[in-house]
There are 2 protein chains.
Amino acid sequence: MAASLRDAGLRRSRVRDIVVEEFFAAAQHMSVEALLDRVRKRAPETGLSTVYRTLKVLVEHGFAAERDFGGAHTLFEPADTPHHDHAVCVACGRVIEFEDDALEAIQARVASSLGFEVTAHRLELYGRCPSCRAHAAR
Amino acid sequence: MAASLRDAGLRRSRVRDIVVEEFFAAAQHMSVEALLDRVRKRAPETGLSTVYRTLKVLVEHGFAAERDFGGAHTLFEPADTPHHDHAVCVACGRVIEFEDDALEAIQARVASSLGFEVTAHRLELYGRCPSCRAHAAR
DNA sequence: ATCTGTGCAAATCTTTTGCAGCTCT
DNA sequence: AGAGCTGCAAAAGATTTGCACAGAT
């Protein structure tokens, strides 16, 4: 991975390596702030802008993808994650990933009936996850 | 519509009426800035915050819905619009609305298999619309 | 030596809020 | 009168950028 970045013409550095490592180590939707926290455990002086800049570079080179679930922060996730959609629990904030071939197939059919050439899509379900439903008074 | 707002315990005013009218007249995803432009043609002194506040009120009372397509601005649309999803053209920015029952059905099936109680969802297809595909060099 | 990455502070951009005055009811 | 609007300016929160310096090749 670090090597691929190298191939892409990017320079490595102590801090950048750490940012990249921590980002892929978590392998979870992560906010910039959350990633900064992780990075600072190993390189306490790291600045917020470095994390933003590094993630931007990863996105531009196709190693990461931005996700925006309507919260205040943008979330990022590794781009090599197999395609999936998201179910967001409005009660606890948890994000569950899922994937369904039939869904993909129908989306493709709809797109072609619109004459649309689809390059990406996103589907999010909002609701309550099983454990929040169990805990709920109603 | 204005009457419904009245029933909801809201006061009317010259400016608010205009904001509401223009919002529903356009019946299109609209940004706050775009709506302000329209409103200012009839009430030039209108402030940006009034538009924000009015839209917020409409959302809170269920008359409007917020949409966020990843651009800089949040877009709003009338809530009485029948349910639909969006296809966003990455070339020209046009947003096409569509609706597909099979898609809805499968989403419901997926949600229940996750144990999720879904209250809302959103699906967006990103790609190129027919006319941009036609114009494209490639 | 040169080009790139870094931290910090300042700038930007969208959206929200405080406030004093004006408008509804 | 009293509650709710309004515009303006200031605030807030997330992300970006300018700059001078340190680090990588």
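Numbers restart at 1 for each chain; the letters A, B, ... are given by sequence-line order, proteins then strands.
Between B/H84 and B/H86, the ring planes are perpendicular. Angles over 60° get that label, and only those under 30° would be called parallel.
Counting to the nearest Å, the P atom of C/dT4 and the CD atom of A/E60 are 14 Å from each other. Across the protein-nucleic acid pair, B/E33 atom CD and C/dC13 atom C1' stand 10 Å apart, rounded to whole Å. In this structure, B/E66 places its CD atom 13 Å from C1' of C/dT16, rounding to the nearest Å. B/L48 places its CG atom 12 Å from the C1' atom of C/dC13, with the value rounded to the nearest Å. When the C1' atom of C/dT6 is taken as reference, atom CZ of A/R16 falls 10 Å away, rounded to whole Å. Atoms CD1 (B/I18) and P (C/dC24) sit 11 Å apart, rounded to a whole Å.
A/E45 and A/R14 are joined by a salt bridge, as a carboxylate oxygen and a charged side-chain nitrogen come within less than 4.0 angstrom of each other.
Contact detail for B/A111 and B/V118: the closest heavy-atom pair is CB-CG2, 3.2 Å. B/V110 approaches A/L103 most closely through the heavy-atom pair CG2-CD2, 4.2 Å.
Heavy-atom distances to DNA chain D give each of B/R14 and A/V32 a nearest nucleotide, and the one nearer the 5′ end belongs to B/R14. In this structure, A/S13 and B/L75 both approach DNA chain C, and ranking their closest nucleotides by distance from the 5' end singles out A/S13.
You'll find a donor-acceptor pair under 3.5 Å spanning the side chain of B/R11 and the base of D/dA3, going by distance alone.
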Would you tabulate the nitrogen or oxygen pairs shorter than 3.5 Å linking the protein to nucleotides 17-19 of chain D?
from	atom 1	to	atom 2	distance (Å)
D/dG18	O6	A/R53	NH1	3.4

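Under the 4.5 Å side-chain criterion, counting only non-hydrogen atoms from C-beta, B/T74 is not in contact with B/V32.
Of the possible polar contacts, none joining the A/R122 side chain to the A/R67 backbone as a donor-acceptor pair under 3.5 Å is found.
Near DNA chain C, meaning a heavy atom under 4.0 Å away, there are no residues from residues 34-41 of chain B.
The phosphate of C/dT6 has neither OP1 nor OP2 within less than 4.0 Å of any side-chain N or O from A/T46.
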